[in-house]
2 protein chains.
Amino acid sequence: MKAKNQTPNHCLSPNEIESRLKSAGVQPTAQRIAICRFVLCEAKHPTAEQVKAWADLNFPKISLATVYNTLGILVQAGLLKEYRFPHTESSVYDNNLTSHHHFLDEATGELIDIEPDQLSVNLKLKPSFKIKEMEILLKGTRS
Amino acid sequence: MKAKNQTPNHCLSPNEIESRLKSAGVQPTAQRIAICRFVLCEAKHPTAEQVKAWADLNFPKISLATVYNTLGILVQAGLLKEYRFPHTESSVYDNNLTSHHHFLDEATGELIDIEPDQLSVNLKLKPSFKIKEMEILLKGTRS
DNA sequence: TCTAAATTTAGAATAGTTCTAAATCTGGAA
DNA sequence: TTCCAGATTTAGAACTATTCTAAATTTAGA
Ligand SMILES: [Mn+2]
Ligand SMILES: [Mn+2]
Ligand SMILES: [Zn+2]
Ligand SMILES: [Zn+2]
């Protein structure tokens with residue numbers, strides 16, 4: 001069961017993006033709306049460079065600084081999550097806002113979301129450990 | 001300058017380090033032995049900079065390039081593991097060579113080894129996923 | 001329309017790491 | 001021993017991802 005939070009893959013209209021930004025307290029500039037069209041919709045775990053590459057094709061002119069600024073603002077506003085994985089230096093951005101894990105296909109480099117219902121973890125730690133968050137990365141290949 | 005007074009759990013003698021390096025096919029130079037005294041023994045998840053800082057106190061003169069070279073060689077030789085975690089840019093090096101997980105104390109920044117028997121994971125993935133490795137980072141605080 | 005504040009931008013700065021190429025060591029061969 | 005080819009060490013340059021700086025521009029709204 002999903003669709004409780006917004007599901008990615010369905011593109012939001014510029015108007016929907018605009019109102020989302022506004023209600024998150026982010027001024028909806030043309031650059032920000034353009035970047036959101038990509039990172040809140042079709043992109044799956046893009047890096048800043050990939051966002052820049054997409055923007056270069058879809059927006060008259062946008063600077064790398066604005067890409068970084070906007071991604072940071074979206075993360076701060078809670079509209080995007082930032083992940084850093086061991087296999088690359090670059091941050092990746094995720095429009096899946098629910099708590100989830102990741103599978104790295106070592107053959108292709110592709111990152112795939114693993115929803116929490118696809119695995120269960122049983123902790124047997126001493127009670128002195130207070131766990132607030134758990135990040136799991138599975139690595140392997142997919143046939 | 002030496003600091004022989006601390007007796008961490010299993011400190012190897014310079015001779016033991018030397019034979020370990022030799023049997024791993026690594027030429028045991030003075031710099032490498034010095035670095036090993038730290039990273040194979042008392043250090044817990046040090047960064048390259050921390051290794052450099054220790055070396056500056058315990059070896060006449062050592063360059064940062066040699067620290068990085070040596071850490072890389074030790075990792076390649078299988079005597080050390082390198083981890084990259086989301087909360088810092090710097091790699092950390094680990095002399096615990098068994099497969100294990102980590103707990104990050106968000107209050108102190110301390111990384112603590114979590115042995116596999118301290119948690120169990122049940123995967124319910126489609127059989128197309130071939131998992132080769134699993135990296136788990138727990139975040140929280142310890143009382 | 002006007003203006004203060006927000007945003008965008010190019011380029012400089014930064015941090016961690018790797019690379020380069022010259023100096024220095026080292027294990028054997030002679 | 002002496003010698004030397006190859007390994008190692010080193011200082012500093014280069015590199016990459018990201019952040020910072022400060023000037024130009026856009027924007028909201030009075
Ligand atoms: Mn960031
Ligand atoms: Mn780096
Ligand atoms: Zn994800
Ligand atoms: Zn560890």
Side-chain angles (χ1 to χ4, degrees), chain A residues 14 17-19 21-36 39 45-56 58-77 79-94 109 111, chain B residues 14 17-19 21-36 39 45-56 58-77 79-93 109:
Chain A
I17 289 170
E18 204 170 318
S19 60
L21 289 176
K22 272 181 186 154
S23 57
V26 176
Q27 202 172 297
T29 66
Q31 288 93 334
R32 289 173 181 173
I33 291 167
I35 289 172
C36 284
V39 298
H45 304 121
T47 63
E49 281 298 339
Q50 289 169 333
V51 175
K52 176 64 162 64
W54 181 94
D56 284 344
N58 293 274
F59 195 85
K61 185 165 180 269
I62 203 162
S63 74
L64 184 56
T66 295
V67 170
Y68 276 106
N69 282 346
T70 300
L71 291 172
I73 283 166
L74 294 175
V75 169
Q76 263 189 247
L79 297 171
L80 200 59
K81 279 218 66 177
E82 179 178 1
Y83 286 96
R84 299 180 61 237
F85 291 109
H87 67 294
T88 172
E89 302 281 309
S90 308
S91 285
V92 304
Y93 296 88
D94 199 336
L111 274 172
Chain B
I17 289 170
E18 203 171 319
S19 59
L21 290 177
K22 272 180 187 156
S23 56
V26 176
Q27 200 171 299
T29 66
Q31 287 92 336
R32 288 173 182 174
I33 291 168
I35 289 171
C36 284
V39 297
H45 304 121
T47 63
E49 282 297 339
Q50 289 169 334
V51 176
K52 176 65 162 63
W54 181 93
D56 284 345
N58 292 272
F59 195 84
K61 185 165 179 266
I62 204 160
S63 75
L64 184 56
T66 295
V67 169
Y68 275 107
N69 282 345
T70 300
L71 291 171
I73 283 167
L74 294 175
V75 169
Q76 263 189 250
L79 297 170
L80 202 59
K81 281 217 66 177
E82 179 176 2
Y83 286 96
R84 298 180 61 240
F85 291 108
H87 67 294
T88 171
E89 302 282 308
S90 309
S91 285
V92 304
Y93 296 88

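The figures here come from the full heavy-atom set of this structure, side chains too, leaving out hydrogens, waters and symmetry mates. Owing to the predicted nature of the structure, the values given are computational and were not obtained by experimental measurement. Letters A, B, ... mirror the listed sequences (proteins, then strands); counts begin at 1.
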Margin query: Listing request: all salt bridge (Lys or Arg N to Asp or Glu O under 4.0 Å) pairs with a residue in residues 45-55 of chain B, at least two apart in sequence or in separate chains.
Written below: Lys52(B)-Asp56(B)

Check: What string of B, S and - do you get for nucleotides 8-13 of chain D, 5' to 3', when a contact is any protein heavy atom under 4.0 Å?
Finding: SBBB--

For residues 25-32 of chain B, which side-chain donor-acceptor pairs fall under 3.5 Å, sequence neighbours excluded?
unit_1, atom_1, unit_2, atom_2, d
Thr29(B), OG1, Arg32(B), N, 3.2
Arg32(B), NH1, Gln27(B), O, 3.0

Find the distance between [atom1] ([X]) and [atom2] ([Y]) and round it off to the nearest 0.5 Å.
X        : Y        : atom1 : atom2 : value
Ile35(B) : Tyr68(B) : CD1   : OH    : 12.0 Å
Leu74(A) : Asn69(A) : CG    : CG    : 10.5 Å
Ile33(A) : Phe59(A) : CD1   : CZ    : 9.0 Å

Interatomic distance where [atom1] belongs to [X] and [atom2] belongs to [N] [whole Å]:
X        : N       : atom1 : atom2 : result
Lys52(B) : dT17(C) : NZ    : C1'   : 15 Å
Glu49(B) : dT17(C) : CD    : P     : 8 Å
Glu82(A) : dA17(D) : CD    : P     : 14 Å
Leu71(A) : dC20(D) : CG    : C1'   : 17 Å
Gln76(A) : dA6(C)  : CD    : C1'   : 15 Å
Lys22(B) : dT26(C) : NZ    : C1'   : 12 Å
Arg84(B) : dA17(D) : CZ    : C1'   : 11 Å

Margin query: To the nearest 10°, give me the bend of the helix from dT1(C)-dA30(D) to dA30(C)-dT1(D), comparing the axes of its five terminal pairs at either end.
Written below: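 Nearest ten degrees gives 0° for this helix.
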
Note to self: Applying a 4.0 Å non-hydrogen cut-off, can you work out what Ser91(B) is touching in the nucleic acid: base, sugar-phosphate, or nothing?
What the structure shows: sugar-phosphate

Margin query: Once side chain to side chain contact (heavy atoms under 4.5 Å, CB included) is applied, do any residues pair with Ser19(A), and if so which ones, sequence neighbours excluded?
Written below: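 In terms of side chain to side chain contact (heavy atoms under 4.5 Å, CB included), with neighbours along the sequence ignored, Ser19(A) is linked to no residue.
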
Item checked: Residues forming a side chain to side chain contact (heavy atoms under 4.5 Å, CB included) with Thr88(B), sequence neighbours excluded ->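 Scan of Thr88(B) (side chain to side chain contact (heavy atoms under 4.5 Å, CB included), adjacent residues dropped) gives Ser90(B).
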
Next item on the list: For the pair His87(A) and Phe85(A), name the ring-plane relationship: parallel under 30°, tilted 30 to 60°, perpendicular over 60°.
Entry: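 It falls in the tilted class, 30° to 60°.
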
Note to self: Is the shortest side-chain heavy-atom distance between His45(A) and Gln50(A) below 4.5 Å?
What the structure shows: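 Sidechains of Gln50(A) and His45(A): no contact.
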
Check: Does the side chain of Tyr68(B) get closer than 4.0 angstrom to OP1 or OP2 of dT18(C) through an N or O atom?
Finding: no

